[in-house]
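Written out below as C-alpha cells is the structure these notes cover.
Throughout, a chain's letter reflects where its sequence line sits, starting with A, and its residues are numbered from 1.
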There are 2 protein chains.
Amino acid sequence: MRFAVYEPPQASHESVPVLYFLSGLTCTEENFMVKAGAQRFAAKYGLMLVVPDTSPRNTGILGEDDEWDFGTGAGFYVDAITQPWASHYQMYSYVVHELPTAIAENFPANLDRQGIFGHSMGGHGALICAMRNQEQYKSVSAFAPIAAPMRSPWGQKAFSRYLGEERETWRAYDASELIKQVGYHSPILIDQGTTDKFLAEQLLVEAFEQACQEVNQPLNLRYQEGYDHSYYFIASFIEDHIRHHAIALLQSSPVDSNYQL
Amino acid sequence: MRFAVYEPPQASHESVPVLYFLSGLTCTEENFMVKAGAQRFAAKYGLMLVVPDTSPRNTGILGEDDEWDFGTGAGFYVDAITQPWASHYQMYSYVVHELPTAIAENFPANLDRQGIFGHSMGGHGALICAMRNQEQYKSVSAFAPIAAPMRSPWGQKAFSRYLGEERETWRAYDASELIKQVGYHSPILIDQGTTDKFLAEQLLVEAFEQACQEVNQPLNLRYQEGYDHSYYFIASFIEDHIRHHAIALLQSSPVDSNYQL
C-alpha cells in the first residue's frame, strides 16, 4: 500500500496532529497532494497530512483493473467479505488501524489528535470512519461525498460485490444510515457544488442532510454555486476545511500558542 | 494552439490585467493551472491568468515527438528559422503577438497591463519576452529559469536545431546576454531551489545574476533552501510572484481601490 505524507514545519520539533484525506474513484495517493493546495494551510496550522491510495493494486485478483468504479482505484473504504475481494480489499481496516500505526511508527504524529476528510468516494469513507470511531477522529468533513451509498448506483455496485447481497450488512458503511444510529460528537462540515454532475444520482447529499435533521446532528452543509466535482472545487474551499479540523485538533493543546487559529 | 485562462471574479464587471505563465519542458497548458495553486491569489489581486501550451503539436513534422527536450513540449519560446521547424515552431511570436490578440478578442483583458512569468524553459521564455518587449510587459519574474541557454546543454540543443549554428543569432534569446544589451525597466524576481538537480548544469542562474550585476540591473534572486525543480516549489512561492506582478500591474490604476495590495 502506498500513501503520501506532508509534514508541516512544526513537525521538526514536536509531534503534530494528523489529518487524513481519503480520495475519490480512480485517484491515487498523489492527486490530492498535487492539486488541492492543502500544504499551505497544513503548514499554517501545523497539521500532518496523510493521504492513502484508494485501493490495493496488483493483487492478482482476476478483473481487478477492468472497471474504473470497482476494484483498483475503487476500494470504497469497506472490508470486503466476499471472494475473491476479501483477500485484499480491506480498506476500512487499513485506514482506521494499519495506516495510523504505520504513521505513528515512522513520523512525528500525535495520534491523540486525528481528523479525517475526503472527496466523493473518499467523503463517504471519511464520514463512515469518523462515525464508527468517534474516539479516534476528533473531526470530520467532506467535499461532495457519496452520502447515501445504499441508494446510489456506485454504492450499490460496490457494496453488492464487496459485501454481498445482504443489505443489512451495508448499513455499517452508509453515512445516512450511520448518522441516525450513532450520530457524531461534533458538527460535520460538507461542501457541495451545485453544478456537480454526480449530485442528483450518485452523491445524494440531501439524503444525508435529512438524516442529520431527523436526529438533530449539527451539520454545516454549504452548497457552492456553480462549482463542479473537480479538484478546482476542492482547492477553492480547502482552507475552510483545514481550519475546521485545526480548531478541533488543536483545542486544549498545551502548544496552542504555537499555532495561528 | 491550446491555452488555459483563469478569469478572476473582478473580470465579471471590468477588464483586468493579464499575467502570462510560460511552462517548462514536457508541460501543456494544464500543469500550472492544476498544480500551482495560483488562482487563489489571482482572484485576490484581480489578475487574469493565461497559460499557453509549450509548443505546437501534431504538426506532421517528422520526429516532432521523438525527444522530450526538443520538438513537441519543447518549443523554447523562439521563432525557428531552420527547416522543417520554421513552418510551425514560432512560439516567440505566438506568445508576444498572436496569443494576446486572441485573449483581447475573447476575454475582458486590459492589454495595457500585462506581466509575464514562467518556470524553467518558461522562465527563460518570460525573461526574453519581457526584455525584448518592455512596453508590453510591465513586470517579469521566474522560477528556476534556464537563465543562460547558450551555455546549457538544453539551450544549445534547442537553439542549434531551431536557429542554426550561427551563435550570434542565439543572443536575442538568451536572458544573460539580453540583460547586458537592453536591461529591464524594473526589478526582476527569481526564485531558485538550492537542491534543484538542474541548477548547476542547465539553469545557470548565477550567470544571470553576474550579468545583472555588470549592468546594475535590480534583481531579487532568492535561493530557497532545500527546494527542488517541482511544482511543489512553485506552489510554495506563487503568492510572492503574483504579488510582485500585482504591484506593477495595478499601480496608478483608476480602479486601485478595488484591489487589496
Side-chain angles (χ1 to χ4, degrees), chain A residues 2-13 21 23-24 26-51 119-120 143 191 193-195 224-244 260, chain B residues 2-13 21 23-24 26-51 119-120 143 191 193-195 224-244 260:
Chain A
R2 293 172 63 90
F3 57 85
V5 173
Y6 170 75
E7 278 189 52
Q10 293 86 339
S12 66
H13 56 84
F21 184 88
S23 305
T26 77
C27 286
T28 71
E29 74 285 357
E30 272 203 301
N31 303 60
F32 177 79
M33 287 300 195
V34 168
K35 295 181 171 181
Q39 292 90 339
R40 175 179 306 277
F41 305 110
K44 178 177 174 186
Y45 295 113
L47 306 182
M48 184 180 299
L49 297 173
V50 175
V51 184
H119 173 231
S120 196
F143 296 94
D191 275 319
T194 60
T195 56
Q224 303 290 1
E225 191 66 30
Y227 284 86
D228 64 11
H229 200 65
S230 73
Y231 268 90
Y232 292 119
F233 161 60
I234 296 175
S236 299
F237 301 103
I238 189 72
E239 180 173 11
D240 293 350
H241 282 251
I242 293 184
R243 191 190 303 111
H244 168 84
Q260 311 167 279
Chain B
R2 292 172 64 92
F3 57 86
V5 173
Y6 170 75
E7 278 190 53
Q10 294 86 341
S12 67
H13 56 85
F21 184 88
S23 305
T26 76
C27 287
T28 71
E29 75 284 358
E30 273 204 302
N31 304 62
F32 177 79
M33 288 300 196
V34 169
K35 295 181 171 181
Q39 292 90 338
R40 176 179 304 276
F41 305 109
K44 177 177 175 185
Y45 294 115
L47 306 182
M48 184 180 297
L49 297 173
V50 176
V51 184
H119 173 231
S120 197
F143 296 94
D191 275 320
T194 59
T195 56
Q224 303 290 4
E225 192 65 31
Y227 283 87
D228 64 11
H229 200 65
S230 73
Y231 267 89
Y232 292 119
F233 162 61
I234 297 175
S236 298
F237 301 103
I238 189 70
E239 181 172 13
D240 292 350
H241 282 251
I242 292 184
R243 191 190 302 111
H244 168 84
Q260 312 166 278

Could you grab the distance from atom CZ of B:F41 to atom CZ of B:R243, nearest 0.5 Å is fine? 8.5 Å
Closest heavy-atom pair, B:A38 versus B:L49, reported as atoms and distance to 0.1 Å, is CB-CD1, 3.8 Å
Are B:T28 and B:R2 side-chain neighbours, meaning at least one heavy-atom pair lies under 4.5 Å? no
Closest non-hydrogen atom pair, A:P8 against A:G46: CG-C, 3.7 Å
What distance do A:D240 atom CG and A:F143 atom CZ have between them, rounded to the nearest 0.5 Å? 8.0 Å
Residues of residues 29-37 of chain A with any heavy atom under 4.5 Å of a heavy atom in chain B: A:M33, A:V34, A:K35
Min side-chain heavy-atom separation B:V51-B:Y6 under 4.5 Å: no
Interface residues of residues 224-236 of chain A facing chain B - heavy atom cut-off under 4.5 Å: A:Y232, A:A235, A:S236
Take A:Q10 and A:Y45 through the test side chain to side chain contact (heavy atoms under 4.5 Å, CB included) and record every step on the way to the result. CA-CA 9 Å; A:Q10 293 86 339; A:Y45 295 113; over 6 Å; no
